[in-house]
Amino acid sequence: MQQPIVRMEQVRFAYRRKPLLFRSVDLEIPPGSVVGLLGRNGAGKTTLLKLATGALFSMEGSIELFGRPAAGRGTSGLGRTVFVPEQFEVPAVTVRQYLDLQGGYYPSFDRDLAESCLDRLVVDRDAPFAELSFGQQKKVLLAFALSRAADLIILDEPTNGLDIPAKQVFRSLVAERAAEGRTVVISTHQVRDVENLIDRIVILEAGEILFQATLEAISGAVRVRRFESLEAAAEAGALAAHPDPPEVRGLLTDTSGDVAPEMIDLELLFAAALEYPEQLRRACGVAPCGDAG
Amino acid sequence: MKRFQHAFRHELVLHWRTMSVTTLAVAGAVMLLQMVRWWRGPLAFNLWNGFGLVTMVIGIIITTGMFGELRSPGSRLELLLRPASVLEKVGAKLLVSTVLFMTLITGAFLLASLVSLLLYLLLGGRADLLLFFDNGQWLVTAGAAFFDYLPVQAVFFFGSVYFRKNPAGRTLLAMVGWVASYLVLSLAMTRLIFAPYVTGRYAGLGAPRALGFQLDRNSGFIAGSRIWAHVAPGFLLSGRGLGITVRVLVLLTFWGLSFLRFRETEG
(Lines give C-alpha, C1' and ligand atoms only; values in the text may rest on other atoms or scores of the structure.)
Protein backbone atom coordinates (compact mmCIF):
# COMPACT_ATOMS: atom_id res chain seq x y z
CA MET A 1 0.00 0.00 0.00
CA GLN A 2 1.24 3.46 -0.88
CA GLN A 3 2.29 5.79 1.92
CA PRO A 4 -0.38 8.41 2.65
CA ILE A 5 0.47 11.96 1.67
CA VAL A 6 -0.84 13.26 4.99
CA ARG A 7 -1.16 11.16 8.11
CA MET A 8 -2.62 12.53 11.35
CA GLU A 9 -2.77 10.43 14.48
CA GLN A 10 -4.49 11.46 17.69
CA VAL A 11 -4.02 15.11 16.97
CA ARG A 12 -4.97 17.46 19.77
CA PHE A 13 -5.09 21.16 19.09
CA ALA A 14 -6.35 24.44 20.51
CA TYR A 15 -5.54 28.02 19.63
CA ARG A 16 -3.97 29.99 22.43
CA ARG A 17 -6.48 31.08 25.05
CA LYS A 18 -9.27 29.34 23.12
CA PRO A 19 -11.23 26.14 23.87
CA LEU A 20 -9.98 22.83 22.55
CA LEU A 21 -10.69 22.47 18.84
CA PHE A 22 -9.43 18.94 18.13
CA ARG A 23 -9.19 16.37 20.91
CA SER A 24 -8.03 13.35 18.98
CA VAL A 25 -8.20 13.52 15.22
CA ASP A 26 -7.05 10.72 12.92
CA LEU A 27 -6.89 11.32 9.21
CA GLU A 28 -5.10 9.84 6.22
CA ILE A 29 -5.06 11.33 2.76
CA PRO A 30 -4.00 8.74 0.21
CA PRO A 31 -2.04 9.75 -2.88
CA GLY A 32 -3.91 10.44 -6.07
CA SER A 33 -7.21 11.29 -4.42
CA VAL A 34 -9.34 14.39 -4.71
CA VAL A 35 -10.63 15.04 -1.22
CA GLY A 36 -13.55 17.29 -0.44
CA LEU A 37 -13.25 18.71 3.05
CA LEU A 38 -16.70 19.87 4.06
CA GLY A 39 -17.93 21.51 7.21
CA ARG A 40 -19.77 24.43 8.66
CA ASN A 41 -18.07 27.71 9.59
CA GLY A 42 -15.78 27.23 12.57
CA ALA A 43 -15.68 23.46 12.18
CA GLY A 44 -11.89 23.60 11.88
CA LYS A 45 -11.37 22.99 8.15
CA THR A 46 -8.70 25.64 7.64
CA THR A 47 -7.03 24.71 10.92
CA LEU A 48 -6.85 21.09 9.82
CA LEU A 49 -5.21 22.11 6.54
CA LYS A 50 -2.71 24.34 8.34
CA LEU A 51 -1.85 21.52 10.72
CA ALA A 52 -1.34 19.17 7.78
CA THR A 53 1.20 21.51 6.18
CA GLY A 54 3.02 22.43 9.40
CA ALA A 55 1.81 26.03 9.48
CA LEU A 56 0.33 25.22 12.88
CA PHE A 57 1.75 22.85 15.47
CA SER A 58 -0.39 20.28 17.25
CA MET A 59 -0.31 20.08 21.04
CA GLU A 60 -0.24 16.29 20.97
CA GLY A 61 -0.27 13.52 18.41
CA SER A 62 1.68 13.19 15.20
CA ILE A 63 1.25 14.78 11.81
CA GLU A 64 3.26 13.62 8.85
CA LEU A 65 3.52 15.22 5.46
CA PHE A 66 5.12 12.93 2.86
CA GLY A 67 6.29 10.70 5.70
CA ARG A 68 8.07 13.43 7.66
CA PRO A 69 6.90 15.52 10.62
CA ALA A 70 4.91 18.39 9.15
CA ALA A 71 5.95 20.80 11.91
CA GLY A 72 9.56 20.66 10.67
CA ARG A 73 8.46 22.48 7.50
CA GLY A 74 11.16 20.68 5.56
CA THR A 75 11.94 22.06 2.15
CA SER A 76 11.36 18.67 0.51
CA GLY A 77 7.79 18.47 1.83
CA LEU A 78 6.96 22.12 1.19
CA GLY A 79 8.45 21.88 -2.30
CA ARG A 80 5.92 19.16 -3.13
CA THR A 81 2.98 21.04 -1.62
CA VAL A 82 1.03 24.08 -2.67
CA PHE A 83 -1.57 25.81 -0.50
CA VAL A 84 -4.02 28.40 -1.75
CA PRO A 85 -5.56 29.97 1.37
CA GLU A 86 -8.97 31.52 1.61
CA GLN A 87 -7.55 34.79 2.88
CA PHE A 88 -4.40 36.09 1.31
CA GLU A 89 -2.40 39.22 0.76
CA VAL A 90 -0.45 39.75 -2.40
CA PRO A 91 2.86 41.59 -2.84
CA ALA A 92 3.31 44.80 -4.80
CA VAL A 93 4.61 43.15 -7.96
CA THR A 94 3.15 42.35 -11.36
CA VAL A 95 1.52 38.99 -12.03
CA ARG A 96 4.50 38.01 -14.18
CA GLN A 97 6.95 38.93 -11.40
CA TYR A 98 4.86 36.98 -8.92
CA LEU A 99 5.14 33.84 -11.05
CA ASP A 100 8.91 34.36 -11.29
CA LEU A 101 9.30 34.91 -7.55
CA GLN A 102 7.19 31.97 -6.44
CA GLY A 103 8.12 29.65 -9.29
CA GLY A 104 11.81 30.03 -8.52
CA TYR A 105 11.41 27.88 -5.41
CA TYR A 106 9.89 24.95 -7.28
CA PRO A 107 11.94 22.95 -9.75
CA SER A 108 8.70 21.39 -11.01
CA PHE A 109 7.10 24.74 -11.83
CA ASP A 110 5.91 24.82 -15.42
CA ARG A 111 6.00 28.41 -16.61
CA ASP A 112 4.26 27.69 -19.92
CA LEU A 113 1.48 25.84 -18.17
CA ALA A 114 1.06 28.73 -15.72
CA GLU A 115 0.76 31.20 -18.57
CA SER A 116 -1.73 28.99 -20.35
CA CYS A 117 -3.78 28.72 -17.12
CA LEU A 118 -3.75 32.50 -16.81
CA ASP A 119 -4.94 32.79 -20.40
CA ARG A 120 -7.76 30.34 -19.75
CA LEU A 121 -8.75 32.27 -16.63
CA VAL A 122 -8.43 35.58 -18.51
CA VAL A 123 -5.85 37.35 -16.34
CA ASP A 124 -3.52 40.08 -17.57
CA ARG A 125 0.04 38.97 -16.80
CA ASP A 126 1.46 42.49 -16.75
CA ALA A 127 -1.11 43.90 -14.35
CA PRO A 128 0.00 44.96 -10.86
CA PHE A 129 -1.04 41.99 -8.75
CA ALA A 130 -2.15 44.04 -5.74
CA GLU A 131 -4.42 46.24 -7.89
CA LEU A 132 -6.45 43.33 -9.27
CA SER A 133 -9.86 42.49 -7.82
CA PHE A 134 -10.11 39.71 -5.24
CA GLY A 135 -11.44 37.29 -7.85
CA GLN A 136 -8.63 38.07 -10.29
CA GLN A 137 -6.03 37.68 -7.54
CA LYS A 138 -7.57 34.33 -6.67
CA LYS A 139 -7.29 33.26 -10.29
CA VAL A 140 -3.55 34.04 -10.27
CA LEU A 141 -3.03 31.98 -7.12
CA LEU A 142 -5.03 29.09 -8.57
CA ALA A 143 -3.19 29.26 -11.89
CA PHE A 144 0.11 29.15 -10.05
CA ALA A 145 -1.00 26.31 -7.77
CA LEU A 146 -2.40 24.20 -10.58
CA SER A 147 0.62 24.65 -12.83
CA ARG A 148 3.13 23.67 -10.19
CA ALA A 149 2.95 19.92 -10.68
CA ALA A 150 2.87 19.67 -6.89
CA ASP A 151 2.10 16.28 -5.42
CA LEU A 152 -0.29 17.83 -2.91
CA ILE A 153 -2.52 20.73 -3.89
CA ILE A 154 -4.52 22.26 -1.04
CA LEU A 155 -7.27 24.68 -1.95
CA ASP A 156 -9.18 26.48 0.78
CA GLU A 157 -12.49 27.82 -0.54
CA PRO A 158 -11.07 28.00 -4.06
CA THR A 159 -14.22 29.13 -5.83
CA ASN A 160 -14.99 32.08 -3.55
CA GLY A 161 -14.89 35.19 -5.67
CA LEU A 162 -14.62 33.36 -9.00
CA ASP A 163 -16.98 34.22 -11.84
CA ILE A 164 -18.97 31.46 -13.58
CA PRO A 165 -16.59 30.92 -16.54
CA ALA A 166 -13.63 30.85 -14.15
CA LYS A 167 -15.35 28.20 -12.05
CA GLN A 168 -15.67 26.02 -15.14
CA VAL A 169 -11.99 26.52 -16.01
CA PHE A 170 -11.07 25.80 -12.40
CA ARG A 171 -12.98 22.51 -12.49
CA SER A 172 -11.28 21.41 -15.68
CA LEU A 173 -7.83 22.38 -14.32
CA VAL A 174 -8.40 20.37 -11.15
CA ALA A 175 -9.63 17.42 -13.20
CA GLU A 176 -6.46 17.60 -15.33
CA ARG A 177 -4.21 17.57 -12.25
CA ALA A 178 -6.22 14.72 -10.73
CA ALA A 179 -5.84 12.75 -13.96
CA GLU A 180 -2.06 13.18 -13.61
CA GLY A 181 -2.32 11.50 -10.20
CA ARG A 182 -1.86 14.62 -8.05
CA THR A 183 -3.57 14.69 -4.68
CA VAL A 184 -5.98 17.57 -4.31
CA VAL A 185 -7.67 18.64 -1.08
CA ILE A 186 -10.51 21.10 -1.51
CA SER A 187 -12.09 22.72 1.50
CA THR A 188 -15.34 24.40 0.62
CA HIS A 189 -18.85 25.41 1.57
CA GLN A 190 -19.85 25.59 -2.05
CA VAL A 191 -20.19 21.89 -2.71
CA ARG A 192 -21.92 22.33 -6.05
CA ASP A 193 -18.70 23.82 -7.44
CA VAL A 194 -16.72 20.67 -6.74
CA GLU A 195 -19.43 18.01 -6.94
CA ASN A 196 -18.06 16.16 -9.95
CA LEU A 197 -14.43 16.46 -8.95
CA ILE A 198 -14.04 14.79 -5.61
CA ASP A 199 -13.68 11.09 -5.00
CA ARG A 200 -13.38 11.15 -1.21
CA ILE A 201 -15.33 13.15 1.35
CA VAL A 202 -14.26 14.24 4.80
CA ILE A 203 -16.87 16.01 6.90
CA LEU A 204 -15.78 18.08 9.89
CA GLU A 205 -18.18 19.21 12.55
CA ALA A 206 -17.24 21.07 15.73
CA GLY A 207 -13.62 19.98 15.52
CA GLU A 208 -14.50 16.36 14.91
CA ILE A 209 -14.11 14.29 11.77
CA LEU A 210 -17.71 13.24 11.64
CA PHE A 211 -17.64 11.16 8.52
CA GLN A 212 -15.19 10.17 5.82
CA ALA A 213 -15.60 7.79 2.94
CA THR A 214 -14.87 7.42 -0.74
CA LEU A 215 -17.57 8.49 -3.14
CA GLU A 216 -17.58 4.95 -4.46
CA ALA A 217 -18.52 3.58 -1.03
CA ILE A 218 -21.15 6.27 -0.60
CA SER A 219 -22.67 5.66 -4.01
CA GLY A 220 -23.10 2.01 -3.20
CA ALA A 221 -24.73 2.72 0.12
CA VAL A 222 -27.09 5.63 -0.35
CA ARG A 223 -29.47 6.80 -3.01
CA VAL A 224 -31.13 10.08 -3.90
CA ARG A 225 -34.84 9.82 -4.63
CA ARG A 226 -37.58 12.27 -5.43
CA PHE A 227 -40.64 12.69 -3.26
CA GLU A 228 -43.78 14.76 -3.41
CA SER A 229 -43.21 16.43 -0.08
CA LEU A 230 -40.84 16.61 2.87
CA GLU A 231 -43.31 14.55 4.87
CA ALA A 232 -43.26 11.81 2.23
CA ALA A 233 -39.46 11.80 2.32
CA ALA A 234 -39.48 11.51 6.10
CA GLU A 235 -41.98 8.65 5.96
CA ALA A 236 -39.75 6.82 3.51
CA GLY A 237 -36.89 7.11 6.01
CA ALA A 238 -34.81 9.75 4.24
CA LEU A 239 -31.78 10.83 6.29
CA ALA A 240 -32.04 14.27 4.75
CA ALA A 241 -34.36 15.99 2.32
CA HIS A 242 -34.27 19.30 0.46
CA PRO A 243 -37.00 20.94 -1.59
CA ASP A 244 -36.17 20.91 -5.29
CA PRO A 245 -39.37 22.40 -6.74
CA PRO A 246 -41.75 21.03 -7.76
CA GLU A 247 -40.46 17.96 -5.86
CA VAL A 248 -38.34 17.11 -2.87
CA ARG A 249 -35.04 15.25 -3.07
CA GLY A 250 -34.24 12.87 -0.24
CA LEU A 251 -31.25 10.74 0.68
CA LEU A 252 -32.00 7.14 1.55
CA THR A 253 -29.86 4.30 2.75
CA ASP A 254 -32.29 1.92 1.07
CA THR A 255 -30.75 1.28 -2.36
CA SER A 256 -33.30 -1.32 -3.46
CA GLY A 257 -35.98 -0.68 -6.07
CA ASP A 258 -35.88 0.05 -9.74
CA VAL A 259 -35.76 3.81 -9.58
CA ALA A 260 -32.92 5.16 -11.70
CA PRO A 261 -30.24 6.39 -9.27
CA GLU A 262 -29.38 10.04 -9.27
CA MET A 263 -25.94 11.45 -8.67
CA ILE A 264 -25.01 11.85 -4.99
CA ASP A 265 -26.06 15.27 -3.82
CA LEU A 266 -23.29 16.52 -1.53
CA GLU A 267 -25.54 18.99 0.20
CA LEU A 268 -27.94 16.19 1.12
CA LEU A 269 -25.08 13.98 2.17
CA PHE A 270 -23.66 16.76 4.35
CA ALA A 271 -27.05 17.35 5.99
CA ALA A 272 -27.46 13.62 6.57
CA ALA A 273 -23.98 13.35 8.08
CA LEU A 274 -24.74 16.14 10.52
CA GLU A 275 -28.08 14.64 11.50
CA TYR A 276 -27.46 10.88 11.40
CA PRO A 277 -23.69 10.30 11.32
CA GLU A 278 -23.84 6.84 12.84
CA GLN A 279 -26.48 5.56 10.41
CA LEU A 280 -24.60 6.95 7.47
CA ARG A 281 -21.32 5.44 8.62
CA ARG A 282 -22.99 2.07 9.12
CA ALA A 283 -24.60 2.21 5.71
CA CYS A 284 -21.29 3.10 4.05
CA GLY A 285 -19.41 0.52 6.09
CA VAL A 286 -16.91 2.99 7.53
CA ALA A 287 -15.62 3.14 11.09
CA PRO A 288 -15.89 6.22 13.29
CA CYS A 289 -12.91 8.31 12.30
CA GLY A 290 -12.40 10.89 15.03
CA ASP A 291 -13.41 11.42 18.59
CA ALA A 292 -15.46 14.35 19.69
CA GLY A 293 -13.48 17.52 20.27
CA MET B 1 22.86 27.94 -2.45
CA LYS B 2 20.67 28.42 -5.49
CA ARG B 3 17.59 28.52 -3.26
CA PHE B 4 19.25 31.05 -0.96
CA GLN B 5 20.05 33.22 -3.97
CA HIS B 6 16.41 33.02 -4.99
CA ALA B 7 15.24 33.83 -1.45
CA PHE B 8 17.54 36.87 -1.48
CA ARG B 9 16.24 37.92 -4.88
CA HIS B 10 12.69 37.51 -3.59
CA GLU B 11 13.40 39.82 -0.63
CA LEU B 12 15.19 42.24 -2.90
CA VAL B 13 12.21 42.54 -5.22
CA LEU B 14 9.80 42.97 -2.30
CA HIS B 15 11.85 45.63 -0.50
CA TRP B 16 13.80 47.28 -3.27
CA ARG B 17 11.38 50.09 -4.00
CA THR B 18 10.83 51.05 -0.36
CA MET B 19 14.52 50.94 0.44
CA SER B 20 15.75 52.87 -2.56
CA VAL B 21 13.06 55.55 -2.32
CA THR B 22 13.57 55.95 1.44
CA THR B 23 17.35 56.18 1.31
CA LEU B 24 17.34 58.59 -1.63
CA ALA B 25 14.65 60.74 -0.01
CA VAL B 26 16.55 60.92 3.25
CA ALA B 27 19.87 61.73 1.61
CA GLY B 28 18.09 64.38 -0.48
CA ALA B 29 16.45 65.87 2.61
CA VAL B 30 19.75 66.02 4.48
CA MET B 31 21.35 67.70 1.46
CA LEU B 32 18.54 70.25 1.18
CA LEU B 33 18.74 71.04 4.88
CA GLN B 34 22.45 71.73 4.48
CA MET B 35 21.76 73.96 1.49
CA VAL B 36 19.39 76.11 3.51
CA ARG B 37 22.55 77.61 4.89
CA TRP B 38 23.39 78.87 1.40
CA TRP B 39 20.95 81.73 1.46
CA ARG B 40 23.83 84.20 1.75
CA GLY B 41 26.07 82.34 -0.64
CA PRO B 42 27.53 78.84 -1.04
CA LEU B 43 29.28 77.28 1.93
CA ALA B 44 31.24 74.05 1.80
CA PHE B 45 29.72 71.46 4.10
CA ASN B 46 30.28 67.93 5.21
CA LEU B 47 27.14 65.95 4.55
CA TRP B 48 28.62 62.89 6.23
CA ASN B 49 28.42 64.37 9.74
CA GLY B 50 24.86 63.09 10.05
CA PHE B 51 25.49 59.78 8.30
CA GLY B 52 25.65 57.62 11.46
CA LEU B 53 22.41 59.00 12.92
CA VAL B 54 20.52 58.79 9.63
CA THR B 55 21.73 55.23 9.06
CA MET B 56 20.61 54.20 12.49
CA VAL B 57 17.11 55.73 12.24
CA ILE B 58 16.35 54.58 8.69
CA GLY B 59 17.98 51.22 9.33
CA ILE B 60 15.69 50.60 12.30
CA ILE B 61 12.64 51.47 10.20
CA ILE B 62 13.76 49.17 7.37
CA THR B 63 14.69 46.35 9.74
CA THR B 64 11.43 46.38 11.67
CA GLY B 65 9.60 46.08 8.35
CA MET B 66 11.56 43.02 7.25
CA PHE B 67 9.11 40.54 8.73
CA GLY B 68 6.06 42.57 7.71
CA GLU B 69 4.51 39.39 6.29
CA LEU B 70 4.10 38.05 9.83
CA ARG B 71 1.74 40.88 10.77
CA SER B 72 -1.01 39.68 8.45
CA PRO B 73 -2.50 36.17 8.47
CA GLY B 74 -2.79 36.27 4.69
CA SER B 75 0.88 36.77 3.99
CA ARG B 76 2.17 34.93 7.08
CA LEU B 77 1.09 31.58 5.69
CA GLU B 78 2.82 32.26 2.38
CA LEU B 79 6.09 33.10 4.13
CA LEU B 80 5.96 30.10 6.46
CA LEU B 81 5.14 27.64 3.69
CA ARG B 82 7.63 29.09 1.20
CA PRO B 83 9.81 26.10 0.35
CA ALA B 84 13.12 27.41 1.67
CA SER B 85 14.79 26.59 4.96
CA VAL B 86 14.45 28.86 7.99
CA LEU B 87 18.11 29.77 7.62
CA GLU B 88 17.59 30.77 4.00
CA LYS B 89 14.50 32.84 4.72
CA VAL B 90 15.96 34.61 7.76
CA GLY B 91 19.40 34.92 6.14
CA ALA B 92 17.96 36.61 3.06
CA LYS B 93 16.12 39.16 5.18
CA LEU B 94 19.24 39.72 7.23
CA LEU B 95 21.37 40.36 4.18
CA VAL B 96 18.86 42.84 2.79
CA SER B 97 18.59 44.81 6.03
CA THR B 98 22.34 44.97 6.62
CA VAL B 99 24.66 44.78 3.61
CA LEU B 100 22.16 45.86 0.97
CA PHE B 101 20.74 48.66 3.11
CA MET B 102 24.21 50.00 3.99
CA THR B 103 25.26 49.88 0.35
CA LEU B 104 22.15 51.79 -0.67
CA ILE B 105 22.38 54.46 2.01
CA THR B 106 26.10 54.96 1.36
CA GLY B 107 25.40 55.22 -2.37
CA ALA B 108 22.61 57.72 -1.71
CA PHE B 109 24.90 59.88 0.44
CA LEU B 110 27.63 59.74 -2.18
CA LEU B 111 25.17 60.88 -4.81
CA ALA B 112 23.91 63.67 -2.56
CA SER B 113 27.50 64.77 -1.89
CA LEU B 114 28.24 64.84 -5.58
CA VAL B 115 25.11 66.86 -6.37
CA SER B 116 25.89 69.31 -3.55
CA LEU B 117 29.44 69.70 -4.81
CA LEU B 118 28.30 70.40 -8.36
CA LEU B 119 25.79 72.99 -7.18
CA TYR B 120 28.45 74.54 -4.97
CA LEU B 121 30.83 74.85 -7.90
CA LEU B 122 28.10 76.24 -10.14
CA LEU B 123 27.38 78.90 -7.56
CA GLY B 124 31.07 79.83 -7.54
CA GLY B 125 32.27 78.14 -4.36
CA ARG B 126 36.02 77.77 -4.03
CA ALA B 127 36.67 76.10 -0.67
CA ASP B 128 38.27 72.69 -0.07
CA LEU B 129 36.13 70.42 -2.21
CA LEU B 130 37.13 67.28 -0.34
CA LEU B 131 35.03 68.51 2.55
CA PHE B 132 31.96 67.37 0.62
CA PHE B 133 33.28 63.85 0.86
CA ASP B 134 34.12 63.85 4.54
CA ASN B 135 37.67 64.97 3.76
CA GLY B 136 38.12 61.77 1.80
CA GLN B 137 37.13 59.67 4.82
CA TRP B 138 33.59 58.81 3.71
CA LEU B 139 34.35 55.11 3.46
CA VAL B 140 35.79 55.07 6.97
CA THR B 141 32.73 56.95 8.25
CA ALA B 142 30.39 54.53 6.50
CA GLY B 143 32.31 51.55 7.91
CA ALA B 144 32.16 52.96 11.43
CA ALA B 145 28.43 53.63 11.07
CA PHE B 146 27.90 50.07 9.85
CA PHE B 147 29.86 48.81 12.85
CA ASP B 148 27.59 50.79 15.20
CA TYR B 149 24.42 49.90 13.28
CA LEU B 150 24.84 46.12 13.29
CA PRO B 151 24.10 45.40 16.98
CA VAL B 152 21.14 47.76 16.96
CA GLN B 153 19.91 46.10 13.77
CA ALA B 154 20.20 42.69 15.44
CA VAL B 155 18.02 43.76 18.35
CA PHE B 156 15.33 45.30 16.12
CA PHE B 157 15.52 42.35 13.74
CA PHE B 158 14.58 40.10 16.62
CA GLY B 159 11.84 42.55 17.63
CA SER B 160 10.48 42.35 14.10
CA VAL B 161 10.11 38.56 14.36
CA TYR B 162 8.94 38.58 17.97
CA PHE B 163 6.34 41.33 18.10
CA ARG B 164 3.26 41.01 15.90
CA LYS B 165 2.14 44.61 16.45
CA ASN B 166 4.25 47.79 16.38
CA PRO B 167 7.61 46.00 16.49
CA ALA B 168 9.70 49.22 16.49
CA GLY B 169 7.91 50.78 19.47
CA ARG B 170 7.76 47.57 21.44
CA THR B 171 11.40 46.74 20.83
CA LEU B 172 12.40 50.22 21.94
CA LEU B 173 10.26 49.88 25.04
CA ALA B 174 11.72 46.45 25.79
CA MET B 175 15.25 47.87 25.40
CA VAL B 176 14.56 50.77 27.73
CA GLY B 177 12.98 48.42 30.25
CA TRP B 178 15.87 45.99 30.02
CA VAL B 179 18.54 48.68 30.40
CA ALA B 180 16.70 50.29 33.32
CA SER B 181 16.23 46.97 35.15
CA TYR B 182 19.85 46.05 34.43
CA LEU B 183 21.12 49.30 35.90
CA VAL B 184 18.91 49.08 38.97
CA LEU B 185 19.83 45.46 39.55
CA SER B 186 23.54 46.06 39.04
CA LEU B 187 23.46 49.03 41.36
CA ALA B 188 21.73 46.99 44.03
CA MET B 189 24.06 44.03 43.58
CA THR B 190 27.18 46.16 43.67
CA ARG B 191 25.98 47.98 46.74
CA LEU B 192 25.33 44.66 48.45
CA ILE B 193 28.59 42.99 47.44
CA PHE B 194 30.80 46.00 48.04
CA ALA B 195 28.81 47.43 50.91
CA PRO B 196 31.68 47.21 53.42
CA TYR B 197 33.95 49.13 51.06
CA VAL B 198 31.69 51.97 50.13
CA THR B 199 29.62 52.58 53.23
CA GLY B 200 30.17 52.95 56.95
CA ARG B 201 33.04 54.17 59.03
CA TYR B 202 35.85 52.34 57.23
CA ALA B 203 34.63 52.90 53.71
CA GLY B 204 37.48 52.90 51.24
CA LEU B 205 40.07 52.06 53.88
CA GLY B 206 39.89 48.38 54.83
CA ALA B 207 39.42 45.36 52.66
CA PRO B 208 39.98 46.99 49.29
CA ARG B 209 43.62 47.47 50.18
CA ALA B 210 43.90 43.82 51.07
CA LEU B 211 42.54 42.90 47.64
CA GLY B 212 45.05 45.18 46.02
CA PHE B 213 42.70 47.81 44.67
CA GLN B 214 41.01 50.90 45.93
CA LEU B 215 37.33 51.68 45.46
CA ASP B 216 36.20 55.21 45.76
CA ARG B 217 32.69 56.21 46.73
CA ASN B 218 31.60 56.75 43.18
CA SER B 219 32.45 53.32 41.93
CA GLY B 220 29.68 51.40 43.64
CA PHE B 221 28.20 50.76 40.25
CA ILE B 222 28.87 47.79 38.07
CA ALA B 223 29.26 49.88 34.94
CA GLY B 224 32.11 51.75 36.63
CA SER B 225 35.33 50.90 34.88
CA ARG B 226 37.32 50.65 38.10
CA ILE B 227 35.52 47.51 39.16
CA TRP B 228 35.87 45.96 35.72
CA ALA B 229 39.56 46.79 35.75
CA HIS B 230 40.06 44.12 38.37
CA VAL B 231 37.82 41.37 37.10
CA ALA B 232 37.81 41.54 33.30
CA PRO B 233 40.48 40.13 30.95
CA GLY B 234 42.97 42.72 29.81
CA PHE B 235 41.93 42.90 26.14
CA LEU B 236 38.39 43.79 27.12
CA LEU B 237 39.58 46.93 28.82
CA SER B 238 40.62 48.59 25.64
CA GLY B 239 37.56 50.35 24.27
CA ARG B 240 38.02 48.61 20.94
CA GLY B 241 38.31 45.11 22.39
CA LEU B 242 35.24 45.52 24.56
CA GLY B 243 33.31 47.11 21.70
CA ILE B 244 34.03 44.26 19.31
CA THR B 245 33.28 41.59 21.90
CA VAL B 246 29.97 43.14 22.92
CA ARG B 247 28.93 43.65 19.29
CA VAL B 248 29.74 40.08 18.30
CA LEU B 249 27.86 38.75 21.33
CA VAL B 250 24.83 40.92 20.64
CA LEU B 251 24.80 39.91 16.96
CA LEU B 252 25.10 36.20 17.64
CA THR B 253 22.51 36.33 20.40
CA PHE B 254 19.83 38.31 18.62
CA TRP B 255 20.30 36.85 15.14
CA GLY B 256 20.22 33.39 16.76
CA LEU B 257 17.08 34.27 18.69
CA SER B 258 15.47 35.59 15.50
CA PHE B 259 16.19 32.29 13.77
CA LEU B 260 14.74 30.28 16.65
CA ARG B 261 11.70 32.49 17.00
CA PHE B 262 10.93 32.33 13.29
CA ARG B 263 11.23 28.54 13.36
CA GLU B 264 8.60 28.45 16.09
CA THR B 265 6.27 30.92 14.41
CA GLU B 266 2.88 29.54 13.48
CA GLY B 267 0.48 30.61 10.77
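Taking a 6.0 Å sphere around CZ of Phe259(B), one finds it holds more than 12 heavy atoms contributed by other residues, nucleotides or ligands. Heavy atoms from other residues, nucleotides or ligands lying under 6.0 Å from CZ of Arg111(A) number more than 12.
A donor-acceptor contact shorter than 3.5 Å links the side chain of His6(B) to the backbone of Leu101(A). In terms of modelled atom types and a separation under 3.5 Å, the side chain of Glu78(B) and the main chain of Phe88(A) share no donor-acceptor contact.
Both the backbone and the side chain of Tyr105(A) come within contact range of chain B, judged by heavy atoms closer than 4.5 Å. The contact between Leu14(B) and chain A is made entirely by side chain atoms (from C-beta outward), counting heavy-atom distances below 4.5 Å.
Taking CD of Gln87(A) as the reference point, atom CZ of Arg76(B) lies at 10.5 Å (rounded to 0.5 Å). Remark: Leu77(B) CG to Lys50(A) NZ distance equals 5.5 Å, nearest 0.5 Å.
The two residues Phe83(A) and Leu81(B) make their nearest non-hydrogen contact at CD1-CD1, 3.7 Å. When all heavy atoms are compared, the tightest approach of Ser85(B) to Thr75(A) is N-CG2, 3.3 Å. Across all non-hydrogen atoms, the minimal contact from Leu78(A) to Arg82(B) is CD1-O, 3.8 Å.
Ranked by heavy-atom pairs shorter than 4.5 Å toward chain A, the options Glu264(B), Arg17(B), Glu88(B) are led by Glu264(B). Of all the listed residues (Arg80(A), Gln102(A), Gln97(A)), the one sharing the greatest number of non-hydrogen pairs under 4.5 Å with chain B is Gln102(A).
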